[in-house]
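Working notes, structure below.
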Amino acid sequence: MGKRAAISAGLFVAAIALAVGLYLFQPWRLFTSSTVTEDIPAAAPAAVASQESSAEPSAPAASTTPSVPAAPAAPRELATGQLISHEHASSGTVRILEVADGSRILRLERLDTSDGPDLKVWLSDAPVIEGVAGWHVFDDGAYLDLGALKANKGDQNYEIPAAAALGDYTSVSIWCARFAVSFAAAELNT
């Protein structure tokens, strides 16, 4: 009976360890992938009123014709960078854009990285260091969490809060919060 109880207890502990391991590491994510393709947001076009003057001096000075929508202004690039691989092979371009209404977005273009648990997009003041030495630096200083990574492939936009001082941040990281490790990072160049 003692041997049978020990085997049962061992199997129970092994089952718990397996369940915890599956929850933490989510190994099926090695075989999953998702893609998001978002356009660069454009502010609503402003209406431009055209005015026509009359040739007769006794006529009213000007009359307004219906509004004609103007083309939206192209976004202004504030910073850019290329992703380098950290914990997982990754590539893509990072751009910080200001759109016509003054709002700012961080844009990931042609992103290609691994899927993983609890991935975030962070603006950070940490330096981008290649290799293993750069995997864990992004939570050492100031960082701004822009939200969960929408997909591990594609073109994605993340709103930057209006109060954020972009000068305080020099890099972007795709950060795995569960294991406190960077999947990829880019140094921001203005």
Side-chain angles (χ1 to χ4, degrees), residues 26 29 33-48 69-190:
Q26 300 179 359
R29 289 193 177 251
S33 180
S34 58
T35 301
V36 167
T37 305
E38 294 180 329
D39 291 329
I40 296 174
V48 176
R76 184 169 64 105
E77 186 172 273
L78 304 176
T80 188
Q82 292 297 314
L83 287 171
I84 65 165
S85 299
H86 275 161
E87 172 69 17
H88 292 266
S90 303
S91 62
T93 301
V94 175
R95 295 172 66 201
I96 295 182
L97 303 172
E98 182 178 69
V99 294
D101 66 2
S103 63
R104 299 167 301 173
I105 61 164
L106 183 141
R107 180 162 172 84
L108 299 174
E109 294 179 336
R110 297 178 309 283
L111 173 65
D112 188 0
T113 190
S114 301
D115 197 4
D118 205 13
L119 296 179
K120 306 286 185 181
V121 177
W122 282 8
L123 281 170
S124 171
D125 67 351
V128 175
I129 302 168
E130 292 191 37
V132 177
W135 291 9
H136 302 283
V137 300
F138 295 97
D139 59 348
D140 293 345
Y143 62 87
L144 177 61
D145 186 341
L146 299 180
L149 186 70
K150 296 174 183 177
N152 63 308
K153 297 184 185 302
D155 301 327
Q156 307 166 30
N157 303 315
Y158 297 86
E159 289 184 36
I160 299 173
L166 288 180
D168 293 346
Y169 304 105
T170 58
S171 60
V172 172
S173 175
I174 297 175
W175 184 256
C176 178
R178 176 154 307 152
F179 295 107
V181 66
S182 174
F183 272 37
E187 182 179 342
L188 293 172
N189 302 301
T190 54

Q: With rounding to the nearest 0.5 Å, note down the distance linking OG in Ser173 to OH in Tyr143.
A: 11.0 Å
Q) If you take all heavy atoms of Val137 and Ala126, which pair is closest and at what distance? A) O-CB, 3.6 Å
Q) Out of curiosity, Ile96 CD1 to Arg76 CZ, how far, rounded to the nearest 0.5 Å? A) 12.0 Å
Q. How many angstroms lie between atom CG of Asn189 and atom OG of Ser171, to the nearest 0.5 angstrom?
A. 11.0 Å
Q: Kindly indicate whether the side chain of Thr170, heavy atoms from C-beta on, has any atom under 4.5 Å from the side chain of Leu188.
A: no
Q: Quick one: closest heavy-atom pair of Thr37 and Thr35, and the distance?
A: OG1-CG2, 4.1 Å
Q.
With a 4.5 Å cut-off on side-chain heavy atoms, are Val132 and Glu87 touching?
A. no
Q: With the side chain counted from C-beta on, respond yes when Val172 and Trp122 share a heavy-atom pair under 4.5 Å apart, and no when they do not.
A: no
Q) Have Ser85 and Ser90 got a donor and an acceptor in their side chains that come within less than 3.5 Å? A) no
(Q) Using a strict threshold of under 4.0 Å (side-chain N to carboxylate O), is an ion pair present between Glu38 and Arg107? (A) no
(Q) To the nearest 0.5 Å, what is the distance between CG on Asp155 and CZ on Arg110? (A) 7.5 Å
**Q.** Nearest atoms (heavy-atom pairs only) where Tyr158 meets Leu108
**A.** CE1-CD1, 3.8 Å
(Q) For Phe138, does the six-membered ring have the charged nitrogen or CZ of Lys120 within the cation-pi criterion, i.e. under 6.0 angstrom from the centroid and within 45° of the normal? (A) no
Q. Is there a donor-acceptor pair closer than 3.5 Å between any side-chain N or O of His86 and the backbone N or O of Trp175?
A. no
Q.
Given Ile160, which partner from the list Leu97, Leu106, Ile105, Leu78 fulfils the side-chain contact (heavy atoms from CB on, under 4.5 Å) test?
A. Leu106
**Q.** Heavy-atom check, side chain of Asn152 versus side chain of Ser114, under 4.5 Å
**A.** no
Q) Is the shortest heavy-atom distance from the side chain of Ser91 to the side chain of Leu83 under 4.5 Å? A) no
Q: Check Asn157 against Asp39 and note the closest heavy-atom contact, atom names and distance.
A: ND2-O, 2.7 Å
Q | Student check: side-chain heavy atoms of Leu144 and Tyr169 closer than 4.5 Å | A | yes
Q) Going by an N to O cut-off under 4.0 Å, is there a salt bridge joining Arg104 and Glu98? A) no
Q) What's the shortest heavy-atom distance between Pro75 and Ile40, and which atoms? A) CG-CG2, 3.5 Å
Q. If we only count heavy atoms from C-beta on, is the Leu166 to Leu123 side-chain gap below 4.5 Å?
A. yes
Q: Step through the shown structure and confirm whether more than 12 heavy atoms of other residues, nucleotides or ligands are within 6.0 Å of CD on Glu159.
A: no
Q: For residues Leu111 and Ala151, report the shortest heavy-atom separation together with the two atoms involved.
A: CD2-O, 3.6 Å
**Q.** Separation between CH2 of Trp135 and CD of Glu130, rounded to the nearest 0.5 Å
**A.** 13.5 Å
Q. Going by atom types alone, do Thr93 and Gln82 pair a side-chain donor with an acceptor below 3.5 Å?
A. yes
Q: Show your reasoning for whether ring pair (Phe, Tyr, Trp, His ring centres under 6.0 Å) applies to Phe183 and His88.
A: CA-CA 5 Å; Phe183 272 37; His88 292 266; 4.0 Å; yes
